[in-house]
Amino acid sequence: MSDGQHNGNECDIFQGGETPDVSALDSLFSTFSADCAKFAARAAKNAKTRLCEWSGRSEDCRKWGSERKPAFPWNGASDVRPFTVDALINENVAHKINAMRLGAITAVPIGVDGSQTAGTARELIQWLTSPSKMREFRAEIVKCANWSEESGLSVLGFYWERVSEVRWKTVYVNDILGVSLPVAAYVRFAKEPVDDDGNLLTLAEIERTKRAAVASLAEFYGIEKLSEAEKLLDSCVERGAGQYPSVETVVDKPRVRAFRVGNDIFFPPDIDDIQNAPAVFTLEFLHPHELRSRIHTDEWDEKFVETVIGSSADTSPSEENAPRPSGTDSDSSDGYENTVKIATAYYRSHDKKGNVSLRFAIFAPDNTEAGAAKAGTLDFEPSRLPFELCPREEISRRVADARGTPEIAFGWQRDIKTQRDARNDKTAIEANPPRYYIAGRAPTAYGPGAMIPLRTADVNGIVREAPITPMSQS
């Protein structure tokens, strides 16, 4: 079903427990992808208008035909790319970015209990727009402004990004002595297996002390596997130092990301606000190493990751709802080979009691049998989807009706191109006009000051200076 016409039951998502219905979400994703196809086709046309791309265009900005279909008006005629629309978009984007840079954004408390929330929001705004973070924030805002001006609509997504990395840390035997009594006891027993009374310890007693020491080290240093903690203990005892894997958070900050409608974000185009959408889907293509890293950084299900990697030997975005670089052909798949298509669904569902909650689920549209990589409830306050629409204009209650600058300025660009082509062609034909000559006796040279031999005074005629018209002077 397309053009925003949805079955009521199709968008009414029931979820009784924590496990999402991936098949139902995938069906809804396919529906929304088809709904956004018309907007995506219009956006692709706008991108070609902006970049002055058309069939038969050559890099030297001239028209070249073939014997069956010669160029009009002649081979080598002017075929300039005026880039009028591109200049308009760049100017509008620059105005928006400059306004954001110079604008004084603040948060005002609402109500008696709003002071703390306003203070937090104010600190977040100042942090995002600080010089150290402005480059990252500005890059996404520039993309959003460009896509909004080009296609008429773009979307900003807001997330909290947390990235962890495994780093190996070195500790020395003196460092672990203070961890716990079992650790100190085992280090002493490893050198001299006697108790305080000088009695020789049994192997069972030493092993029991070692197990307690390993558990203490694992808990103290946050080591997940006891085998890693045991290696650390043995290394410290034998060599005086050892290493252990430590998972450290290297990125913990808010993140802003720009999306293109019908390209990497999908929702019903007949809505007036994205918060009224029954579901929103984002799309990305990940390489196998990126998928495996999400197991540790984002707590994705390991079985899901290995399943989708094993079943996607040749995944390319040549499908209908695959993302496309702006200004390229719809069937372009450059940069997406050997990747896996991953969709994230943000949706509202209800349970048997009628309670509505905002949830998310990450799945692979090409392999719904793998289930969900991760799913849960979005505990936002207030309950809102983490997206905001950025339309270029608001001319109706359908957000997809917003027009891009290429749709408005296409006529101006075409007129400018027509005038420039006509001026260049007229100048070229006036500077080097067609000439008559006797068959088999063509002039040997032509140009300023060229000496052309003649048998009689009027065989080819005297070459006169071409008249300069106002058009060729302009």
Side-chain angles (χ1 to χ4, degrees), residues 36-65 69 71-100 141-155 258 260-263 269 324-330 332 389-431 468-474:
C36 293
K38 184 177 180 180
F39 182 89
R42 198 179 78 192
K45 183 179 178 181
N46 287 353
K48 290 186 176 182
T49 300
R50 177 183 183 179
L51 300 178
C52 294
E53 298 282 352
W54 52 80
S55 178
R57 185 189 67 80
S58 62
E59 294 298 328
D60 60 354
C61 295
R62 293 187 178 276
K63 298 176 182 178
W64 302 102
K69 189 178 180 181
F72 179 83
W74 58 76
N75 274 333
S78 176
D79 194 22
V80 299
R81 305 169 70 187
F83 291 108
T84 306
V85 171
D86 184 60
L88 291 173
I89 292 178
N90 290 336
E91 183 179 0
N92 292 340
V93 170
H95 286 320
K96 292 179 178 180
I97 300 304
N98 194 48
M100 182 198 69
I141 298 300
V142 168
K143 293 185 184 73
C144 180
N146 265 286
W147 296 338
S148 176
E149 288 288 331
E150 182 178 287
S151 64
L153 179 65
S154 60
V155 179
R260 288 175 289 179
V261 180
N263 190 287
R324 298 176 299 274
S326 178
T328 61
D329 295 334
S330 59
S332 174
L389 292 176
C390 301
R392 196 198 68 84
E393 62 181 2
E394 296 182 5
I395 58 176
S396 74
R397 295 193 180 277
R398 296 180 75 254
V399 294
D401 288 342
R403 300 169 300 170
T405 301
E407 296 172 78
I408 300 173
F410 173 75
W412 307 342
Q413 178 168 281
R414 183 183 58 186
D415 289 346
I416 292 174
K417 171 179 170 53
T418 302
Q419 293 172 17
R420 289 184 180 179
D421 284 341
R423 184 179 64 189
N424 292 343
D425 290 341
K426 184 171 180 61
T427 301
I429 205 169
E430 287 179 350
I468 300 178
T469 64
M471 175 176 289
S472 59
Q473 282 184 319
S474 59

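Owing to the predicted nature of the structure, the values given are computational and were not obtained by experimental measurement.
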Applying side chain to side chain contact (heavy atoms under 4.5 Å, CB included) to Asn146 and not counting sequence neighbours gives Arg50, Ile89, Asn90, Val93, Val142
Report the C-alpha separation of Glu150 and Asn46 in whole Å, then their side-chain angles, then the decisive distance to 0.1 Å, and conclude whether the side chain to side chain donor-acceptor pair (under 3.5 Å) test is met. CA-CA 6 Å; Glu150 182 178 287; Asn46 287 353; over 6 Å; no
Looking at Ile141 and Met100, what are the two nearest heavy atoms and their distance? CG2-SD, 3.8 Å
Just so I know, are the side chains of Trp412 and Leu88 near enough to count as touching, which here means a heavy-atom distance under 4.5 Å? yes
Sorted by first residue and then second, give each salt bridge (Lys or Arg N to Asp or Glu O under 4.0 Å) pair with at least one member in residues 404-416; sequence neighbours left out. Arg42-Glu407
On a heavy-atom basis, which atom in Asn424 and which in Ser78 lie closest, and how many Å separate them? ND2-OG, 3.1 Å
For Lys417, I'd like to know if atom NZ has over 12 heavy atoms of other residues, nucleotides or ligands within 6.0 Å. yes
Pair Arg392 + Glu394: basic N to acidic O under 4.0 Å: no
Without swapping roles, check the side chain of Ser148 against the backbone of Cys390 for a donor-acceptor pair under 3.5 Å. yes
Heavy-atom pair of closest approach, residues Pro82 and Arg420: CA-NH1, 3.7 Å
Using atom types as modelled and distance alone, determine if a side-chain donor or acceptor of Arg81 lies under 3.5 Å from a backbone N or O of Leu51. yes
Polar side-chain atom of Lys48 near backbone of Trp54 as donor-acceptor pair, under 3.5 Å: no
Distance col, row Ile416:CD1 vs Phe83:CZ, nearest 0.5 angstrom, shows 13.0 Å
Mind checking whether Ser151 and Arg260 have side chains closer than 4.5 Å, heavy atoms only? no
OG1 of Thr405 to CG of Asp86, rounded to nearest 0.5 Å, is 10.5 Å
Flag, side chain of Asn75 to backbone of Gly65, donor-acceptor distance under 3.5 Å: yes
I'd like to know if the side chain of Asp401 reaches the main chain of Ile395, judged simply by a donor and an acceptor atom lying under 3.5 Å from each other, with no hydrogens or angles considered. no
Counting only heavy atoms not in Trp64 (residues, nucleotides, ligands), do more than 12 fall under 6.0 Å from its CH2? yes
Measure the shortest side-chain to side-chain distance between Val399 and Pro391 over non-hydrogen atoms and say whether it is less than 4.5 angstrom. no
Considering non-hydrogen atoms only, spot the tightest contact between Arg57 and Cys52 and give its length. CD-O, 3.2 Å
Only counting residues at least two apart or in another chain, list the ones meeting side chain to side chain contact (heavy atoms under 4.5 Å, CB included) with Ala77. Lys63, Pro73, Trp74, Asp425
Counting distance only, does the side-chain N/O of Glu393 pair as donor-acceptor with the main-chain N or O of Arg403 below 3.5 Å? yes
Ignoring hydrogens and geometry, is there a side-chain-to-backbone donor-acceptor pair from Ser154 to Cys144 under 3.5 Å? yes
Interatomic spacing from OG1 in Thr49 to CZ in Phe410 - rounded to 0.5 Å: 5.5 Å
